[in-house]
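Here is the structure we will look at.
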Amino acid sequence: MNIIKKLMSVALIAGIAFLSLVQNAQAQTVSKGIKNLVLVHGAFADGSSWERVIPILQAKGFNVIAVQNPLISLEEDVAATKRAIARMDGPVLLIGHSYGGMVITEAGNDPKVKGLVYVCSLVPDEGQSVGDVTSAFPPGPGSAEFQKDASDFLNLSSKGIHEHFAQDLPEKERSVIYATQTPWAVKATMTKVTTAAWKTRPSWFIIGLEDHMVPTDLARAEAKMIKAKTLELKTSHVPMLSQPDKVAAFIIRAAGEL
């Protein structure tokens with residue numbers, strides 16, 4: 001009986017020691033770069049627009065939250081993003097797609113945010129609205145497909161989705177995007193950003209070479225303005241859906257450099 005007790009005691013001690021080693025190894029992994037990622041969707045979309053990127057990031061050990069912006073006002077979208085940031089334990093890398101670039105430029109001033117990744121984004125300077133940003137260059141063809149309803153919300157036409165928003169996705173997927181799009185309030189396009197977070201934080205930028213919503217010339221000018229490390233992809237406006245592996249790899253690279 002004493003021998004059995006001794007063996008059980010040794011096994012317990014060994015188990016505790018092994019658990020301690022595992023925890024230490026996990027702590028060392030987490031300590032290398034940023035491990036908290038907050039993904040911010042753009043207009044006409046929701047958090048599921050990141051559905052192909054999220055599993056890749058999670059498999060690499062990242063903590064990921066995809067914000068569900070109401071798209072009712074810039075202020076409310078910034079508030080929703082800040083709530084997601086607050087849920088994270090530790091420093092955060094903030095990633096924004098399209099209009100989400102407006103949101104992260106303001107929300108990125110949160111002290112937990114250490115870097116910004118823009119994906120086919122609109123990037124404002126201080127005192128700029130969506131209209132101010134897009135007026136710097138001729139509009140992309142997708143902007144002609146905005147449809148305003150009686151409540152001052154914008155939707156994209158079927159042509160806009162199929163030919164200009166997600167033209168490199170299969171037709172069935174484009175049809176789902178059209179059917180599930182979230183209307184975008186006109187007033188959200190008119191609010192001006194007060195403080196541009198990219199002025200005090202490092203930035204990265206993915207440029208879509210076949211983006212019909214944020215024209216390539218505009219995206220390149222924005223990336224130059226914020227001194228971002230850039231990646232150019234032959235993609236539509238939604239590279240996180242058409243080329244998720246490359247988008248995830250770029251986000252992982254950014255996180256590792258912080």
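When the side chain to side chain donor-acceptor pair (under 3.5 Å) test is applied to S48, the partners found at least two apart in sequence or on another chain are D46. Listed by chain and number, the residues in a side chain to side chain donor-acceptor pair (under 3.5 Å) with T105 are Y118 (sequence neighbours excluded). With sequence neighbours excluded, the residues satisfying side chain to side chain donor-acceptor pair (under 3.5 Å) with K229 are E257. Take D89 and apply the side chain to side chain contact (heavy atoms under 4.5 Å, CB included) test, not counting sequence neighbours, and it matches no residue. Residues forming a ring pair (Phe, Tyr, Trp, His ring centres under 6.0 Å) with H162 (at least two apart in sequence, or on another chain): none. For H237, the side chain to side chain donor-acceptor pair (under 3.5 Å) test picks out S98, D211, with sequence neighbours left out.
Legend: salt bridge (charged side-chain N to carboxylate O under 4.0 Å, His left out) pairs involving residues 150-165, not counting sequence neighbours, sorted by first then second residue: K148-D152. Applying the side chain to side chain donor-acceptor pair (under 3.5 Å) test to pairs two or more places apart or on separate chains, those with a residue in residues 77-88 are D77-Y99. Listed by first then second residue, pairs satisfying salt bridge (charged side-chain N to carboxylate O under 4.0 Å, His left out) with a partner in residues 90-104 number zero, not counting sequence neighbours. For residues 178-191, no pair satisfies side chain to side chain donor-acceptor pair (under 3.5 Å), with sequence neighbours left out.
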Exercise answer: donor-acceptor pairs, residues 192-203 side-chain atoms, under 3.5 Å, sequence neighbours excluded:
{"unit_1": "K192", "atom_1": "NZ", "unit_2": "D132", "atom_2": "OD2", "d": "2.8"}
{"unit_1": "T194", "atom_1": "OG1", "unit_2": "E106", "atom_2": "OE1", "d": "3.0"}
{"unit_1": "T194", "atom_1": "OG1", "unit_2": "E106", "atom_2": "OE2", "d": "2.8"}
{"unit_1": "W198", "atom_1": "NE1", "unit_2": "P124", "atom_2": "O", "d": "2.9"}
{"unit_1": "K199", "atom_1": "NZ", "unit_2": "D125", "atom_2": "OD1", "d": "3.1"}
{"unit_1": "T200", "atom_1": "OG1", "unit_2": "A197", "atom_2": "O", "d": "3.2"}
{"unit_1": "R201", "atom_1": "NE", "unit_2": "G108", "atom_2": "O", "d": "2.9"}
{"unit_1": "R201", "atom_1": "NE", "unit_2": "V113", "atom_2": "O", "d": "2.8"}
{"unit_1": "R201", "atom_1": "NH2", "unit_2": "N109", "atom_2": "O", "d": "3.4"}
{"unit_1": "R201", "atom_1": "NH2", "unit_2": "D110", "atom_2": "O", "d": "3.3"}

Give every donor-acceptor pair under 3.5 Å between a side-chain atom in residues 213-220 and any protein atom, sequence neighbours left out.
{"unit_1": "T216", "atom_1": "OG1", "unit_2": "G208", "atom_2": "O", "d": "3.3"}
{"unit_1": "R220", "atom_1": "NE", "unit_2": "E232", "atom_2": "OE2", "d": "2.8"}
{"unit_1": "R220", "atom_1": "NH2", "unit_2": "E232", "atom_2": "OE1", "d": "3.0"}
{"unit_1": "R220", "atom_1": "NH2", "unit_2": "E232", "atom_2": "OE2", "d": "3.4"}

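Residues K246 and L233 have side chains in contact (heavy-atom distance under 4.5 Å, counting atoms from C-beta outward). Contact check for I177 versus L241: side-chain heavy atoms found under the 4.5 Å cut-off. Contact check for I95 versus W50: side-chain heavy atoms found under the 4.5 Å cut-off.
Remark: side-chain polar atoms of S236 are paired, donor with acceptor, to backbone N or O of V238 under 3.5 angstrom.
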